[in-house]
Amino acid sequence: MIVSTSRINCTAKYGAIDGVEESLQTYVNHHFIRSFEYLLMATHYANYEKNRPGFEKLFRGLSDDTWKEGIELIQYITTRGGEMNFNLVSSEVTAEEVGDPNFELYELNSIAKALDIEKKLAMEAHKIHAEATRKNSKFHDPEISSHLEHEFMAKQRDIIRKLAGYTSDLSALLNTPDNSLALYLFDDYLQKQ
Amino acid sequence: MKSIAFAVFLVCSIAFASAELRCEHKELDIPKEWLDMVDPCINKMRAQIEEELKAAMQYMAMGAHFSKDTVNRPGFAKLFFDAASEEREHAIKLISYLLMRGELTSKVSSLIKRNLIPKTTSWANGVSALKDALRLEATVTKKIRDVIKVCEDNSAHYNDYHLVDYLTGDFLEEQYHGQRDLAGKVSTLEKLMEQHGELGEFLFDKKLL
């Protein structure tokens, strides 16, 4: 018997990957954009005038993480039978380009910026998760929601908590008589993390 | 989220008012005599950083293509994803070098364009992707040579010996070894496929894992 492969669905696609594929592709591109932004923030702290190796390490770490997660997300999309599209970026993220964004920030502002970025990434994961949990066969896909929960949510929770803690510490430390010394010590602390 | 940025702004503006909590620190007086890189060379280096990242994203697209279930070449995908991260490392090495020389104290925000979208995103087969990779490396090599040329002799008549040595000994070294490796892979794969076509690519892919 001749089996015509064209009549059988031989792809890896099942469930609702089609329903969230574009959201996932956009999410990948956002990871790479953030990775480059964190790299710029790390670069700023590594110049001889700023000279804060602890801050550099923090942002470099965030840049490495978002880069790695971007690659893993591409691998995930293709595991589910999808493909990557590098052109998709959300209108919110595109809108950030207006007025030449600045990544050369003071210490407290830079951590607040990172916290902001991480919260945006976390909320985006929530949004995709919500799409994949809709009780509608076009969207319902427990495998995708579970993947997001395991690979992203817990990690994002921890980063957000860590950065929020840093902003609390820094605001308190900067409110002391010698904030230059406070920043030096805080940078030293970051370096050892 | 905006509220955080606003809160920081608020904290900082209170700081200026109360002069207690300060986000800024005083102007520094550091001798500038040691800063000896010249603009034409610096600008070339800055541009090269983005070139390396562009190459990284092009490799990323190759990795994505070969990861597809309908293509299913995990060995190729791994090769290209690794190459993407390697190109990113090159960009970071160039940044580190400029920082070491006292550069990148300003205009850091415009160093990397935001979204470096890869030009090609699908390939007919493994050989064509490897050939594209080899061509890509050749253009990167050419661009590094251009940086060397400008840093050696420029309108400012300043030969940046150390940078030229670093690019020649470190970057070009890696480029030439990498190119030889890719050319060898193209050769082996093409020979494998001459008689055995798909089977050749299948076997070669598993070798890359």
Side-chain angles (χ1 to χ4, degrees), chain A residues 10-13 28-29 32-33 35-37 39-44 46-50 60 63 67-68 70-71 74-75 77-87 89 94 96-97 100-104 106-109 112-113 115-116 119-120 123 167 171 174-177 179-180 183, chain B residues 1-2 4-5 7-9 11-12 15 18 20-26 28 30 34-35 49 53 56-57 60-61 63-72 77 81 84-85 88 91-92 95-96 98-118 121-122:
Chain A
C10 282
T11 73
K13 279 197 177 169
V28 172
N29 292 325
F32 293 139
I33 287 174
S35 177
F36 292 154
E37 290 177 351
L39 186 57
L40 294 176
M41 288 162 81
T43 301
H44 173 61
N47 76 39
Y48 77 96
E49 285 175 354
K50 289 304 286 187
R60 198 32 223 289
S63 177
W67 178 261
K68 214 177 99 226
I71 295 178
I74 294 179
Q75 288 166 334
I77 293 172
T78 58
T79 299
R80 289 300 310 268
E83 59 178 30
M84 184 52 202
N85 178 347
F86 291 90
N87 295 295
V89 178
T94 310
E96 292 170 9
E97 282 165 41
D100 292 327
N102 182 16
F103 300 102
E104 292 146 282
Y106 288 109
E107 286 79 357
L108 182 55
N109 304 41
K113 170 108 189 160
L115 181 56
D116 190 32
K119 282 191 182 173
K120 280 181 183 165
M123 294 314 291
T167 56
S171 332
L174 284 170
N175 212 3
T176 54
N179 52 35
S180 284
L183 279 174
Chain B
M1 279 163 268
K2 274 197 186 123
I4 303 166
V8 170
F9 173 72
V11 167
C12 292
S18 70
E20 272 184 353
L21 190 149
R22 281 186 302 140
C23 289
E24 284 187 64
H25 28 75
K26 60 169 188 174
L28 298 163
I30 305 169
W34 67 288
L35 300 172
I49 291 165
L53 290 173
M57 294 310 292
M60 192 72 81
H65 172 81
F66 288 96
S67 298
K68 281 191 267 189
D69 62 328
T70 46
V71 178
N72 201 38
F81 278 133
S85 295
R88 175 175 174 268
I92 294 173
I95 290 175
S96 301
L98 283 173
L99 288 165
M100 184 274 286
R101 291 289 297 275
E103 293 305 324
L104 297 178
T105 51
S106 62
K107 292 188 290 176
V108 172
S109 302
S110 59
L111 192 58
I112 306 169
K113 216 170 66 195
R114 199 143 190 233
N115 202 3
L116 304 170
I117 301 166
T121 51
S122 107

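Here is how names work: the chains are called A, B, and so on, in the same order as the sequence lines, proteins then strands, and each is numbered from 1.
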Interface moiety of [X] toward chain A, non-hydrogen atoms closer than 4.5 Å:
X	value
B:Leu35	side chain
B:Ser85	both
B:Ala91	neither
B:Ile30	side chain

So which of [options] has the largest heavy-atom pair count under 4.5 angstrom toward chain B?
options	value
A:Met84, A:Glu37, A:Met41	A:Glu37
A:Asn47, A:Leu39, A:Thr94	A:Asn47
A:Arg80, A:Gln75, A:Lys13, A:Lys68	A:Gln75

Check against side-chain contact (heavy atoms from CB on, under 4.5 Å), A:Ile74 and A:Phe86: CA-CA 10 Å; A:Ile74 294 179; A:Phe86 291 90; 4.2 Å; yes
Chi angles and distances behind the side-chain contact (heavy atoms from CB on, under 4.5 Å) call for B:Arg88, A:Phe32: CA-CA 11 Å; B:Arg88 175 175 174 268; A:Phe32 293 139; over 6 Å; no
Using heavy-atom distances under 4.5 Å, tell me whether [X] contacts chain B through its side chain, its backbone, both, or neither.
X	value
A:Glu97	both
A:Leu40	both
A:Phe36	both
A:Ser35	side chain

What residue in [options] has the most heavy-atom pairs under 4.5 Å with chain A?
options	answer
B:Met60, B:Glu103, B:Lys68, B:Lys113	B:Met60
B:Ile117, B:Thr105, B:Leu104	B:Thr105
B:Ile95, B:Leu98, B:Thr121	B:Ile95

Minimum heavy-atom distance [X]-[Y], with the two atoms named:
X	Y	result
B:Phe66	B:Ala77	CB-N, 3.7 Å
B:Ile92	A:Arg60	CG2-NH1, 3.4 Å
B:Ser67	B:Phe81	OG-CE1, 3.3 Å

Polar contact flag, side-chain donor to acceptor under 3.5 angstrom, A:Glu104-B:Ser109: yes
Are [X] and [Y] packed together at the side-chain level, in the sense that at least one heavy-atom pair is separated by less than 4.5 angstrom?
X	Y	answer
B:Val108	A:Phe103	no
B:Leu99	A:Tyr48	no
A:Thr78	B:Asp69	no

